[in-house]
Amino acid sequence: MSVAEQAPRAGVELTEEPPAAAIPDPRSGIQLKELSLAYRQGSGEFRVLERIDLTLAPDEFVCVLGPSGCGKSSLLNIIAGYLKPSGGTVAIDGELYAEPSPQVGVVFQHANLFPWLSVAGNVEFGLRMAGLPRKERREKAARYIQMVGLESAAARLPHQLSGGMKQRTALARTLATEPRIVLMDEPFSALDALTRESMQEHVRRIWRQTGRCFFFITHDVDEALLLGRRIIVMHPNPGRIVQDIINPLFRGEEADDAKALRADKQFAELRELLVGLIAGR
Ligand SMILES: Nc1ncnc2c1ncn2[C@@H]1O[C@H](COP(=O)(O)OP(=O)(O)OP(=O)(O)O)[C@@H](O)[C@H]1O
């Protein structure tokens with residue numbers, strides 16, 4: 001049966017034997033319940049998000065796709081605690097929160113590094129704010145700088161880094177605080193194609209090493225297929241989840257070879273299917 005014939009539906013896996021994470025334990029990981037967001041517009045309201053229900057396993061890698069304006073960033077900002085929803089709740093391991101929390105880390109499209117601090121200084125910054133003793137924060141920063149492959153650039157200032165190196169510093173800075181969930185909002189969209197591919201490899205490896213939950217917004221269907229174990233498609237007006245699928249191309253440990261994944265005969269088919277889903281076809 002072709003992939004297109006196996007029409008995916010919300011919560012239904014395309015794989016014959018879905019990974020255990022396909023059925024997350026509702027008591028662990030991240031739980032979004034009936035989230036809604038609306039802004040006042042004249043005498044009425046503009047509904048940005050409506051009834052978002054989502055449970056993510058503690059080690060999930062979910063990619064979020066959807067047309068511009070469907071509410072992806074708004075959803076991320078709510079999970080980050082930056083934006084208050086009009087209704088619904090967000091919880092980690094069943095514990096509700098509504099403010100920015102050390103359990104939630106965010107990586108944006110632009111690294112926003114402190115220009116006067118070195119790579120190591122930037123990565124250590126959050127740890128210093130958290131009151132970690134000097135020795136401990138040095139060790140922790142060094143561990144995550146190594147994880148993103150920037151050991152030899154640890155003393156450099158941001159203006160001495162390439163775009164990819166800046167984003168790797170931002171990722172190390174976020175990881176160093178050891179959040180339960182890492183939110184990434186189109187983190188590679190400002191990078192050239194080659195750097196982007198290399199960043200995807202870094203992120204895939206880091207995800208496997210850290211075993212944390214990654215919530216990754218992208219406009220790039222290929223990127224979602226290369227990175228996501230789970231892929232969510234949103235539609236606008238109001239913003240809602242219309243598809244929630246287990247990526248049949250996900251190969252766990254073997255998944256670090258992007259070339260092999262692209263060569264998989266299902267890749268093009270899935271790509272087309274997702275493009276159609278995003279466009280509402
Ligand atoms: N403060 C606000 N007041 C009113 N409307 C807003 C506000 N912030 C966002 N919106 C609207 O909410 C909708 C969703 O925006 P959001 O940025 O979350 O979408 P998105 O899917 O992330 O878009 P993109 O892919 O272009 O980044 C848009 O129509 C936007 O105009």
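Here, residue 1 is the first one in the sequence, and each next residue gets the next number. Just the heavy atoms: all of them, side chains too, but no hydrogens, waters or symmetry mates, feed the values below.
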Pairs involving residues 74-109, ordered by first then second residue, that meet ring pair (Phe, Tyr, Trp, His ring centres under 6.0 Å) (sequence neighbours left out):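 Every pair satisfying ring pair (Phe, Tyr, Trp, His ring centres under 6.0 Å) with a residue in residues 74-109: there are none.
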Residues Thr218, Val64; criterion side-chain contact (heavy atoms from CB on, under 4.5 Å); working and verdict: CA-CA 6 Å; Thr218 179; Val64 184; over 6 Å; no
Checking [X] now: which residues fulfil side chain to side chain donor-acceptor pair (under 3.5 Å) with it, not counting sequence neighbours?
{"X": "Arg156", "value": "none"}
{"X": "Arg212", "value": "none"}
{"X": "Asp53", "value": "none"}

Side chain to side chain contact (heavy atoms under 4.5 Å, CB included) partner of Cys63, the single match among Val233, Ile217, Leu227: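 It is Leu227, the one option of Val233, Ile217, Leu227 that forms the side chain to side chain contact (heavy atoms under 4.5 Å, CB included) with Cys63.
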Any heavy-atom pair between the side chains of [Y] and [X] that's under 4.5 Å?
{"X": "Leu171", "Y": "Met184", "value": "yes"}
{"X": "Val104", "Y": "Ile92", "value": "yes"}
{"X": "Arg180", "Y": "Cys213", "value": "no"}
{"X": "Met234", "Y": "Ile52", "value": "yes"}
{"X": "Leu49", "Y": "Leu35", "value": "no"}
{"X": "Ile245", "Y": "Leu274", "value": "yes"}
{"X": "Asp59", "Y": "Arg229", "value": "yes"}
{"X": "Val119", "Y": "Arg168", "value": "no"}

Over all atoms of both residues, closest heavy-atom pair of [X] and [Y]:
{"X": "Pro115", "Y": "Leu157", "result": "O-CD2, 3.9 Å"}
{"X": "Ala91", "Y": "Leu96", "result": "CB-CD2, 3.7 Å"}
{"X": "Pro158", "Y": "Leu113", "result": "CG-CB, 3.9 Å"}
{"X": "Ser118", "Y": "Ala155", "result": "CB-O, 3.7 Å"}

Could you grab the distance from atom [atom1] of [X] to atom [atom2] of [Y], nearest 0.5 Å is fine?
{"X": "Phe215", "Y": "Leu56", "atom1": "CZ", "atom2": "CG", "result": "7.0 Å"}
{"X": "Ser101", "Y": "Ile79", "atom1": "OG", "atom2": "CD1", "result": "12.5 Å"}
{"X": "Trp207", "Y": "Phe61", "atom1": "CH2", "atom2": "CZ", "result": "7.5 Å"}
{"X": "Leu183", "Y": "Leu76", "atom1": "CG", "atom2": "CG", "result": "4.5 Å"}
{"X": "Leu32", "Y": "Thr55", "atom1": "CG", "atom2": "OG1", "result": "7.5 Å"}
{"X": "Asp244", "Y": "Ile232", "atom1": "CG", "atom2": "CD1", "result": "4.5 Å"}

All pairs passing salt bridge (charged side-chain N to carboxylate O under 4.0 Å, His left out) where residues 71-82 contributes a residue, at least two apart: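 Every pair satisfying salt bridge (charged side-chain N to carboxylate O under 4.0 Å, His left out) with a residue in residues 71-82: there are none.
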Backbone N/O of Arg230 and side chain of Asn247: donor-acceptor pair under 3.5 Å: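 Here the side-chain-to-backbone pair does not exist.
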Donor-acceptor contact present, side-chain Thr174 to main-chain Val106, <3.5 Å: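 Flag set: sc Thr174 to bb Val106 pair under 3.5 Å.
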side-chain contact (heavy atoms from CB on, under 4.5 Å) assessment of Leu277 paired with Leu65: CA-CA 10 Å; Leu277 285 173; Leu65 290 166; over 6 Å; no
Extract all donor-acceptor atom pairs below 3.5 Å that involve side chains of residues 36-47 and protein atoms in other chains or at least two apart in sequence.
residue, atom, partner, partner atom, Å
Ser36, OG, Gly87, N, 3.3
Arg47, NH1, Glu50, OE1, 3.1
Arg47, NH1, Glu50, OE2, 2.2

Lys166: partners by salt bridge (charged side-chain N to carboxylate O under 4.0 Å, His left out), with sequence neighbours left out: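 Per chain and number, Lys166 pairs via salt bridge (charged side-chain N to carboxylate O under 4.0 Å, His left out) with no residue.
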Contacts of Arg271 that satisfy salt bridge (charged side-chain N to carboxylate O under 4.0 Å, His left out) - sequence neighbours left out: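 For Arg271 the salt bridge (charged side-chain N to carboxylate O under 4.0 Å, His left out) partners, ignoring immediate neighbours, are Asp222.
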Phe188: partners by ring-ring contact (aromatic ring centres under 6.0 Å, His included), with sequence neighbours left out: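 Residues passing ring-ring contact (aromatic ring centres under 6.0 Å, His included) with Phe188: Phe216.
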Transitive ILVMFWY cluster of Met129, excluding itself - 4.5 Å side-chain cut-off: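 Members alongside Met129: Phe114, Trp116, Leu117, Phe125.
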Audit row: Leu270, Asp264, side-chain contact (heavy atoms from CB on, under 4.5 Å) steps and yes/no: CA-CA 10 Å; Leu270 273 165; Asp264 189 306; over 6 Å; no
Residues, nucleotides or ligands: over 12 heavy atoms within 6.0 Å of Gln209 CD: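 Count over threshold, so yes.
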Neighbour count >12 (heavy atoms, 6.0 Å) for atom CD, Gln160: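 Yes, the 6.0 Å shell around CD holds more than 12 heavy atoms from other groups.
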Show me the side-chain donor-acceptor pairs of residues 137-151 shorter than 3.5 Å, one per line, residues at least two apart or across chains.
residue, atom, partner, partner atom, Å
Arg137, NE, Glu124, OE1, 3.1
Arg137, NH1, Leu132, O, 3.2
Arg138, NE, Glu124, OE2, 3.3
Glu139, OE2, Lys135, NZ, 3.0
Lys140, NZ, Glu178, OE1, 3.4
Arg143, NH1, Glu178, OE2, 3.4
Tyr144, OH, Glu178, OE2, 2.6

Shared hydrophobic cluster, Ile206 / Leu127 (ILVMFWY, side-chain heavy atoms < 4.5 Å):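 Looking at the clustering, Leu127 is in a separate group from Ile206.
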Residue pairs, two or more places apart or on separate chains, that pass side-chain hydrogen bond (donor to acceptor under 3.5 Å, both in side chains) and touch residues 182-198: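 Sorted result for residues 182-198: Ser73-Asp185, Gln109-Ser189, Glu186-His219, Asp192-Thr195, Arg196-Glu223.
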